[in-house]
Every structure is written in C-alpha cells, then in structure tokens.
Amino acid sequence: MVPNTMSQTVVLGVIGSDAHVVGITILEQAFSAAGFDVVNLGVQTSQEEFAEAAVAHDAGAVLVSSLYGHAEQDCQGFHEVLEEAGVEAETYIGGNLAVGQDDWEETRATFEALGFDRVFDSETDPEEAIAALRDDLGLTTTDTERATISS
Amino acid sequence: MVPNTMSQTVVLGVIGSDAHVVGITILEQAFSAAGFDVVNLGVQTSQEEFAEAAVAHDAGAVLVSSLYGHAEQDCQGFHEVLEEAGVEAETYIGGNLAVGQDDWEETRATFEALGFDRVFDSETDPEEAIAALRDDLGLTTTDTERATISS
Amino acid sequence: MIRDERIPSDELRRIDEEIRADWPTGADVDFEEAIAYHESLPDNKRFADVLESADKPLLQPRAGVPRLDDQIELLEYLHGEGNADLLPTTIDSYTRDNEYGKAQQGLEKARETGDDTLNGFPAVNHGVEGCRTLIDAIDAPIEVRHGTPDARLLAAITFAGGFQSFEGGPISYNIPYTKRHGLEETIERWQFVDRLAGAYTERGVRINREPFGPLTGTLVPPSIAIAIGIVEGQLAATQGVRSVTLGYGQVGNVVQDVAALNALKDLANEYLPDEVVVTTVFHEWMGGFPPDEARANGVISLGGMTAAIAQPDKVITKSPQEFQGVPTMQANAAGLRTTRQVIDMAIEQDIDIDGIAEEQDLIERETRCLMDTIFTHGDGDVVQGTIKAFDSGALDVPFAPSDSAKGAILPARDDDGRVRIFEWADLEMDDEIKEIHKARLSQRANTEGREQSFRMVADDVDAISDGKLIGRP
Amino acid sequence: MIRDERIPSDELRRIDEEIRADWPTGADVDFEEAIAYHESLPDNKRFADVLESADKPLLQPRAGVPRLDDQIELLEYLHGEGNADLLPTTIDSYTRDNEYGKAQQGLEKARETGDDTLNGFPAVNHGVEGCRTLIDAIDAPIEVRHGTPDARLLAAITFAGGFQSFEGGPISYNIPYTKRHGLEETIERWQFVDRLAGAYTERGVRINREPFGPLTGTLVPPSIAIAIGIVEGQLAATQGVRSVTLGYGQVGNVVQDVAALNALKDLANEYLPDEVVVTTVFHEWMGGFPPDEARANGVISLGGMTAAIAQPDKVITKSPQEFQGVPTMQANAAGLRTTRQVIDMAIEQDIDIDGIAEEQDLIERETRCLMDTIFTHGDGDVVQGTIKAFDSGALDVPFAPSDSAKGAILPARDDDGRVRIFEWADLEMDDEIKEIHKARLSQRANTEGREQSFRMVADDVDAISDGKLIGRP
Ligand code: B12
Ligand code: B12
C-alpha cells in the first residue's frame, strides 16, 4: 500500500446521537472509489471521537453528517474541540441540518458561523463533495485516481 | 298537477357557449326533488333565452350555471336584458366562475356587481342553494314539499 | 347525402379557399410552403414518429393561455420542470365557437392587462406566424387540443403553422361539447380536417389525429368510448390520415380501465385499415375532481398506476388544481411529476391482475354490438350509420348535452366500481350483455339496500370528488 | 443469563421504583391511580379496541413537537384536517438517549423562543400531568413513537399519562437506532416495558405494543422484518402483553409488499400465543424520498394502493415533505388525505394480482429458516437465540448502524423490483432459497449488462428518490 499523504485521508462520521447510517455508507464508498482513504467512524460519534480520529490519521478533512435535526446543538463548540486537539483539516458538514422546513441560506450561514468550511444540503451528490474537497486540498483528479490504482 | 305559483318555478341553464352539463343535470334533479318546478334550458343558453323562458314560465328564480371560465364576459348586460323583458325573478349564479386560481371573494364581488342576488362556488351542495332560494322566495319547506307530494 | 368517402382534391381546394376567407390570418396559409416548413423541423418535433416509437407511455399535460409569449413560457416550463414528453396547445372557447372576433377582443385585452381573459390560445388569431414562433421555441412535439365542432380554419392555420397533431373528431367534439350542431354538419366539417391532414400525410408530413376518447368524462361505459373512437378513426383513415391515436378516459376501476385500454388497442387494430398506425392515449380521470389538492394527487396517482399496468402509448395528465380552475403552471407540472413517479416505480413490476381478460371480453362484445348496429343503420356506410344510430338512440353517450344524441342512457357503478349501464334507453345491445349489467347492478343495490335510481347515478357522479369510487349512501 | 421469562412482580416493582428516580417527574407515577385514569377514558380513546375492531385500514401519521400546547394543536389539526384515525406522539432524540436534562433545556428554549429546538415531544419532561392534558384534549387514541433503547421511564410516565399504545422493541429500537447498546441490555429493558404493559393489561387496560417493523427502512428483505417482529411479539407476550401490532415497511414492489403483509399476518398468528390479538401495520416507504413534493406524492400513493390491496389494520403515512425535514402540519395532513383518497378509491375493487401466493410462500420459508436458527441458537430460548444469532450473523439487518448486528448482508432489487439478498454474509438460509435469490439477481444483472456489486446496492438506495424503483445504470 502507498503511504497515506495527510491530504488524502478523510474522517467521516455521523455526529451526536444521530443513527442515520445510509448516507455515510454511500459517502464512504464514493470517497473510497474516488481514491481517498476513508476512516468511517459510523453513527453516534462524539466531537471528541472526531478529533481523536483526525489526529490519529492525520486527516486532511473531517466530514460530519447529520440527518436527524439536532445538528446545530451537536456542533456547538466542535471547532474549539478540533482546535484544541490541533486538527487543521478542512471541515465539511452535510445532510439534513435543521428541524423542519427551514430556509437553506439561513442554515448554511448558521453552520458557517459554527466554523465549517463547507455546508452541504441533503440533495448533494457525493461527486460534488468530492470535487470540492479536491479543490480545497489542491488535489488533481489524478492524485486521487493514482492512489486508487496503486492502493 | 297543482297549478304552479310563480315563486316555485325555476329556470335553469348554462350560459354562453359553455357545455358543462353534469352540474345542471344534478341541480335539476335536486330542485325537482325539493318540490320546485324546474325548466332546464340545457347548455349553451343565451341571455335572451334565459329572459324568454323566465317570462314564459313566470319564473321565481333564474339559475345560471357556468363552468368553463368565461362567465364574466357571458354575463355582461344580462341583468339589463332581464329587466327589459320585465323579469323580476331572483338571480343566482354558480359553478366555476373565473379563469384560473383566483380569489373567491373578488369573484363573488364581480358577479354581485353584475347584478346577481347570490353567487355560489363550485363546492356548493345543491341543498345550500335550495335552502337559500326557499329563504329568498319566502317559502317554507312545507310549501315546496307539499308541491312534491301533490304533483 | 354525405357518406364515408374521400373528398376529391378540387373540392378540398374549394373548401380550403372558402374557409380561409373567414378570418384575415387565413390568407397566410400556403400549402407548399407549409410542407417545406414541416420538412425543416427536426425529428424530435415530429409528433407521430416520436409517439409511435416510444417504448413507454409518454406524458402530456393540457395547457393554453392567450398570449404567445406566455404560451411559450408555459410550455417551456412544462417541458423543463414538468418533464412532459409531448406538449399541448389548448384553444380558447371563442375560437371553438368560430367567434374569432371575440377571441381577438380577448387577446387584445390580455395583451393590455396581462390577465388571462381567454381560457386558451386563440391560434387562428395568432396566425401561421404566431404558431410557428411557438413550434420553433419549444423543443418537443405539440398537439392542438380544443373542442371545436367546426375546426376547419383552425386546422388549416395550425397545420400550416407547424403543429403535427390535432385532437377531436365529428362525434367526440360534437356530442360532449355543443348543443346545436348536427352530426351530419360536424362530420362534413371534420372530413375536411381529416382530408387536409391526409393531404399533408401524402406529402410525407404525417399529421397525427386524436379523437377525443373521454367524451363527457363522466362515467362513460368503455364500449361506447371505444366504438366512437373507432368510427372516428375510420372516418379519418378514409380521408388519408395514417397516424391515429385513440383515447380512453379513466373510470377509476383498475381492472376495467386496463381491460378497456387492451380492448381499445385490439379492436382499433382490427377495425382500422392496415396502413393506419394506431396508438392509444389514456386520460387521467376526466370527471369531477376533489376540491382538495392532496386528495386530487391520489386520484392522479391511481391514473398513473393504471397507466403503468396498461401501458398506453400516451397519458394525458391532470393537475391537483383540476377542481378549482385552470391550473398554475407549477401545479400542472406537479401533476406530470406525480404521474411520472408512479409510472416509473410501477412499470417494471409484473402486475397481472385477475379478471382483466374477462372484462376485456365483455367490453369487446359490447363494442361489436355497437359497431354492428352502426353498420346496419348505415347499410354499410359508417357516416350514415353513425348519424342514424345516434338519431334512433341505438348509439348514445351518457350526459350528452348535444341535441344530436338522446343522452338518455344512464351509467352507474357496480359493486366493484366498474361502470355499467343502468338505464339502456334505446341503446343497441345483446340481451345477454344487458343481463350481465343488470345482475352486477342489482348486486350493488343489494349491498346498499336500496333501489337503483337516478340518486345512485348522482351519487356516483360525486363519488370521486367526495373521496370514494362508488357513491354508496 | 437473561431468558424469555416473565419478570416477577416484586422485581417489576423494584425496577419501577429505581427508574422512576431518574428524573423528578417519575415521582408522579401511581399505578393504581393510573388504572383509574385509564378506566375513565371513553371507548374511542382505547387504542387496542379501536384498532382491533376497525373494518378497514386506519391511518396514522407521525408527529411530535416540543411544547404541549403546540402538540395539542398539531394533533387536533391532523385529526380534523388530516382525518387521521389514530394519532402519534413522536418523542425527541434527547429523551431517546435518556438525556432528560438536555431535553429540558431544549423544551425551555422552545418555550422561550417559540422555535422547535427539539425534534419531538419530551414526554418525560412533560410528566404524567402533561401527557394527560394531551390525552384529554384529543378525541382519538394516541400512540407513543420514539426509538429509545431504554424506554423504561418513558413507558412508566406515558402509560400513567394515559397513552395506550407504545412503539418499539429491544431489537427494532436497537439495531436501526443506536450504535453501542448491547442486545442483552435492550432486551432486559424492554422486558420491563412489556411487563409494565402486561401489568396494565392484567387490570383490564390493554396497552397495545407495536414493534418497529421497518427497521432501517432501507431495502430490508421482508422475511428479516417479519422474523424480528415475531420475536418481539413473543417477548411481549411472555410479559403479559395481549395486543400486538406487527409492522412492515413498504419496499415498493406491490406483489412483494402484499405477500409480505399476508405472510406477516399468517406467521404472527401461528407463532404468537392464542391469547394475543395480532394486528398489522404497513409503513409507507421508509427509505429516502424524492426531493420534490409532487414526486413524493406519487410514492405515498403507491403506498396507499398497496394498502388498499393488502388491507393491513393500520397504515402509517408519510408526508410529501419527508425528504426535506419534519413536515409542516399542512403537509402532514396532506399525506394522510392523499393516502385516504387512494385507499378509498381502490379498496372496494377486486384487485387480485398473480404471483402473490408464490412470493408469500417464499417469504414464509425464509422467515421459518430465520425463526429456526433463532430457536437453535438459543436452545429453545428466544432471548438467548436472538442474542446469539445476531452475534453469529445468522440473523442480520442491512445497513444496521448497531455494533450488535453485523450489518454485513446487502440487499438489491431483482429485475421486477423485489428486494432480494445479494450478499448473504453469515445469514442463515436454505441453499435452495439462496439459489432463488441468486437467479433473480443475475437475471437483473443480465438485463443491465453489469456485474452485481455495491454500486447496484447504492443505485437501489437512491432509486426511489431519483424517481424509479430499480436503480438501473
Ligand atoms: C431511513 C430514515 C430513517 C431510518 C434510519 C435507519 C438508519 N439507521 O440509517 C430510521 C427509520 C431508523 C430513522 C429514524 C429517525 N429519523 Co429518519 N429518516 C430516514 C429517511 C427516510 C432517509 C434517510 C436516508 O437513508 N437517505 C438515503 C441516503 C443515501 O441519503 P442521506 O442520508 O440524505 O445522505 C446523502 C446526503 O444527505 C449527503 N450527505 C449526508 N451527510 C453528508 C455529509 C457531508 C459532509 C456531505 C458532503 C454530504 C452528506 O450525501 C449522502 C449520500 O448521497 C429520511 C428522509 C429522507 N431523506 O427521505 C428521514 C429523516 C432524516 N429522519 C428524520 C427523523 C426526525 C428521524 C427520527 C428522529 C424520528 C423518528 N420518528 O424516529 C429518528 C432518529 C433516530 C436517530 N437516533 O437518529 C427526519 C429529520 C428531520 C430534520 N432534519 O429536520 C427526516 C428528514 C424525516 C422527516 N422528514 O422527518 N430514519
Ligand atoms: C367533466 C368536465 C368536462 C367535460 C364536460 C362534459 C359535459 N358536456 O358536461 C368536458 C371534457 C367535455 C369538458 C370540456 C371543457 N372543460 Co371542463 N371540466 C370538467 C370537470 C372535470 C368536471 C365538471 C363536472 O362535471 N363536475 C361534476 C358536477 C356535478 O359538478 P359541477 O359541474 O361543479 O356543478 C356543481 C356545482 O358547481 C354547483 N353549480 C354549478 N352551477 C351552478 C349554478 C347555481 C346557480 C348553483 C347554485 C350551483 C351550481 O352545483 C353543481 C351540482 O353539485 C371540471 C373540473 C372539476 N370540477 O373537477 C372541468 C372544468 C370545469 N373544465 C374546464 C375547462 C377549461 C374546459 C374546456 C374549456 C377546456 C378543454 N380543455 O376542452 C372545455 C369547455 C367545453 C365547453 N364548450 O364548455 C375548467 C374551467 C376552468 C375555469 N373555470 O377556470 C375546469 C374547472 C377544469 C380545469 N381545472 O381546467 N370539461
């Protein structure tokens, strides 16, 4: 196996007490297929578990998923926890981020204010997030593709 | 057969070039069953035909139906035509009175301004119109019921 | 005496000139130039080809507004956001009455005020140019839908304007749509429309013709709709039409609807000449809708489910605002998408319902009775047969507002919700079949513990809008 | 070692006292007084009786908001405008985690700001009084719906609060809902819940218990759902529950869904003791919904159609806003009315689809294999059998987030859209049955000209939200 460069490892999980697993199962598969090394923490992952895994795997990105409508509460102070642990990874959040039929722009602003680099709604196709992450990490398609081929 | 009193004869028809016949078929049956004498002019009835029939049958009420969305144009000047013919009957209009998804209160006002005594929407149950007409003609249920029984 | 015979070319030309003089825009029609225009159209705007080559039901809404730019916007929306495969242009009521002057007034008022003062698109007033602007703007085939007893000028202008499909027929746009036009008159007029479509067809521009299958939309027994559709198909074929789409309006009982669509296809192929390509169209429930969009969505979906099982070539969709009035374009597109979702979820499933073959057999036997009586009434001529059969009541349509039909028969649902005939009046039918209907209806009357009466019919008329299929007391 | 045995009365009392100390509102529970309260309720609020005596499917939505007055308003609306027959009270996620403190914070924030800061109704925080205010206000039976691994305090408070139906179970509220709770632990806790329900039952207050049939809601093979439902029914029966409603989530293939509901009813009656009254509940599609209300209405309607054919005792409806988030009450009521319209239009029809008996037979054989392996794993004890079978992977649930299940099996649709098992992992099953699945899936792979792979599973997961049943490439 090719040694991981930090930038290609992605830590993925569902935050809080949320148990919606199907989305991250699909994301795991899509990011792996795109050549990223994915550490899938599964559902009901705490802020601390995200931080620990990011440190342990020297992650380039932390991908947080939340479907059940408590994302805002669950993410309070999350970026402080990451910072304390010394995590400098890109942070993305996606899924169904508010309770009820809310206004998306407001939701996005809320999560950006909480410190997330990018906020995705639940219509997001995994490919979009992959493209964005390649951009943010300065990777070309071939970087990650090469990883796939050689891994 | 009991002789018709003016107040119990109702002239019914669909105005203009509208051919929606099902509603007046139901109305004819309901008003007859309630003891009124119904003169059903059918669909595509002109203003003049309504006036002639009202005069000929000494009608207590003229019931105009319109479903297809041209009611406003079709009813322009209708009350002048009735007046000229000397018709003093109550005038009701009902059905689907405007094109598109309009505001009902506005529609009602439009048709009241055109001279109709009562305006009904298409959710109207025939029984409502019957009750209203009994009221307007000062009939008791028994008046019309008696008519039914003896006719 | 008018008969089922092809209008000779010179006669075609004579009438054409005559009717084009009815309104100034008629002067702009030039047949040769129109052929050239049609030839310039891309494949995906050739209505007959697109419809005939589809491998699953194509969806088409109803839609028409007075102004040209609004109509373009509306159709673009229904194509883009509604994912319609085929598009309509519904004509306003004044044009249907050949009142082009009133239509012009309405159009001008619409242009001034921005209000939709007409209930459709006045194609005659827009003229050949206007129609072509529409055809050019929309990336899909478009059909003219109307309800016009005398549609000769409308046909001349819209065919020249690039439309390749035209709804209606001498019976289906007479009996449900008008009171005073005689059948002889409408047949003669539609012979011209069909002959004109045939003239285009001869030159390689196959104009698709679609008799209006649902008729009065209200509890029409399948065999009556099918017989009339076949007759109109025959009349069109005689005049040279080669692409015919026969229609049928959902009655709401899935078995009966699937059986009817099967029977329609089989009988049409049997009765119509081989050179005619027959396709079928299923209309989602054409009777009174519930005054509630949520429940209307249920009605629409039952139509989608039926279409997924029967797989007609085309489905005409309804909108959840059907009860209220002409729908917003959003609601119209929503009706399309709801239908599409149901069809696409159900169409690959193997849904074989018991009893369809038996019901189909009954419908076919009934239809043959009606076809036979038409044949007999006309001594072999379908035009005379139709006129005389309607006249005698041997052929009839429930709730027909027209003086040309007795409108004396009354339908009612049986205990399973299938539409049967409760009052036969003079309708021609084998006694054995009448007995079947009678038995089914008395079974229902028993269930309900009441007599069969007009009350039952009225209850059935209201049932779907009241939230059920059968109008139980 | 925990076994399928009835909790003795003194033990029941001990646990009851203990768990009621977890939060101040626990102190208000008084069993005798609660029995008297239940006895004071009118017949139309007795959940089990209303459900068991219905002659057609009753409709129930999902709904829960944090504040009491809002919850009353919501349920009144769903009853009045949505015409729901049975009502729910969905509990918030903090309560499900037994985080009553956080729930209290959320509730207080909701009271201050008017915002819904919790995704459900924190019944423990509202306490016995609060629950009764709700029960008194609403003129229909209400069920507690949640997803709580340890629902003991919730049960104690809501039973005393007047609720007569309680969703969930040790497997169905563990495997799909939580990662770290062991099965042994949740079984022990739910034995208490069932035992408490049994204590009320003994006193004539039959608390209805409803295992959560849809599990992960995502392509769950019917036999797995049925086997787990039956096990939870058995566990409840042992503790004295006498009214059990077994659930099943629509997979979208009508034949398979009808067959599954038939199998569920038949097998439940066979496996559960005679003194238990078994009813069934059908959940409209529980997987990902289309991000479009119009298309969502199509999904909902297909559920209604299926319910009309299978006639379960209860249907849990979805709203057209399912994709987006917790629905507005209008949308929730709309989902109810759309479902009702479809059911009422279709239910009196005679819709007998071919192949249902064969599919039912297959489902029953599969279910028996799973029941047998549970029996064998536990040496006749269903509790031990369940724990060990999950542990070995002989029993498994697709997409299970829980550490207690392997979550190693993978489902995929066959060419007809029925859910089959593509990756069996260690699931116990007759080879003959595995061959049937394999043949069906390779037929699909052939049709699509691709290999069976996780890609196919992922495509199937997205298919309905993308507008189709089968995730074709
Ligand atoms: C299946 C489902 C369930 C299953 C979950 C099974 C399981 N363990 O996974 C069950 C039935 C158990 C369930 C339970 C609950 N659910 Co639920 N559930 C759904 C449902 C129908 C589908 C979710 C799904 O699997 N979608 C398919 C996958 C492929 O899509 P996805 O999850 O959206 O993920 C994709 C994108 O969102 C995106 N994405 C997701 N995360 C991220 C992260 C990043 C960084 C990026 C880039 C992208 C991304 O990419 C993914 C792949 O394409 C949704 C509604 C819907 N969407 O239709 C409701 C929904 C999410 N659930 C909801 C709720 C409220 C609950 C419950 C609280 C309620 C209850 N009544 O029990 C519980 C919570 C339990 C818990 N502790 O978490 C709400 C959330 C409301 C809100 N946010 O406002 C929803 C929206 C339903 C609704 N309208 O009310 N649920
Ligand atoms: C069936 C039907 C048809 C059939 C009619 C057959 C026939 N000859 O009767 C066909 C298919 C032929 C047809 C044609 C058209 N139709 Co149409 N049709 C309907 C439909 C679906 C049901 C009408 C019906 O029969 N209802 C059942 C009866 C029992 O109810 P009702 O008619 O509403 O009558 C009751 C009440 O309204 C009330 N009432 C009616 N009149 C009066 C009068 C008084 C005084 C009182 C007190 C009460 C009252 O009591 C009646 C009995 O309960 C409605 C939509 C709907 N409602 O669901 C559209 C609808 C009326 N039609 C419409 C249109 C536009 C047309 C066409 C112009 C369009 C076209 N594309 O061809 C043509 C017009 C043809 C013409 N020249 O008139 C529009 C009208 C739009 C508007 N007003 O804004 C509607 C609303 C559909 C829509 N949403 O677009 N239609």
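These values consider heavy atoms only, across backbone and side chains, with no hydrogens, waters or symmetry-generated copies. Each chain gets a letter, A, B and so on, in the order the sequences are listed, and its residues count up from 1.
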Note, B/Gln29 side chain near C/Val457 side chain (heavy atom, < 4.5 Å): no
Nearest heavy-atom pair of B/Glu49 and C/Arg180: which atoms, and what distance? OE2-NH2, 2.8 Å
Heavy-atom neighbours of B/Gln76 CD exceed 12 at 6.0 Å: yes
Highest number of heavy-atom pairs under 4.5 Å with chain B: which of C/Ala331, C/Ser465, C/Pro401? C/Pro401
When the 4.5 angstrom heavy-atom criterion is applied to B/Glu123 and chain C, the contacting part is both
Considering all heavy atoms, the nearest C/Phe323-B/Asn96 contact: O-ND2, 3.0 Å
Region of C/Pro176 that comes under 4.5 Å of a non-hydrogen atom in chain B: backbone
Between atom CG of C/Asn119 and atom CG of B/Leu67, what is the distance when rounded to the nearest 0.5 Å? 11.5 Å
Smallest separation among heavy atoms of C/Tyr94 and B/Asp74, with atom names: OH-OD1, 3.9 Å
Give, for atom CG of C/Leu118 and atom CD of B/Gln73, the distance between the pair rounded to the nearest 0.5 Å. 7.0 Å
B/Val22 versus C/Val461: any side-chain heavy-atom pair under 4.5 Å? yes
Part of C/Ser93 within contact of chain B (heavy atom distance under 4.5 Å): both
Between C/Lys179 and B/Thr45, does a side-chain contact (heavy atoms from CB on, under 4.5 Å) hold up when you go through it step by step? CA-CA 9 Å; C/Lys179 182 155 77 176; B/Thr45 298; 3.7 Å; yes
Please classify the contact between C/Arg455 and chain B as side chain, backbone, both or neither, with a heavy-atom cut-off of under 4.5 Å. both
Part of C/Tyr177 lying under 4.5 Å from any heavy atom of chain B: backbone
Rounded at 0.5 Å granularity, tell me how far OG in B/Ser17 sits from NZ in C/Lys102. 7.0 Å
Output yes when B/Glu72 and C/Lys109 qualify as a salt bridge under the 4.0 Å nitrogen-oxygen rule, no when they do not. no
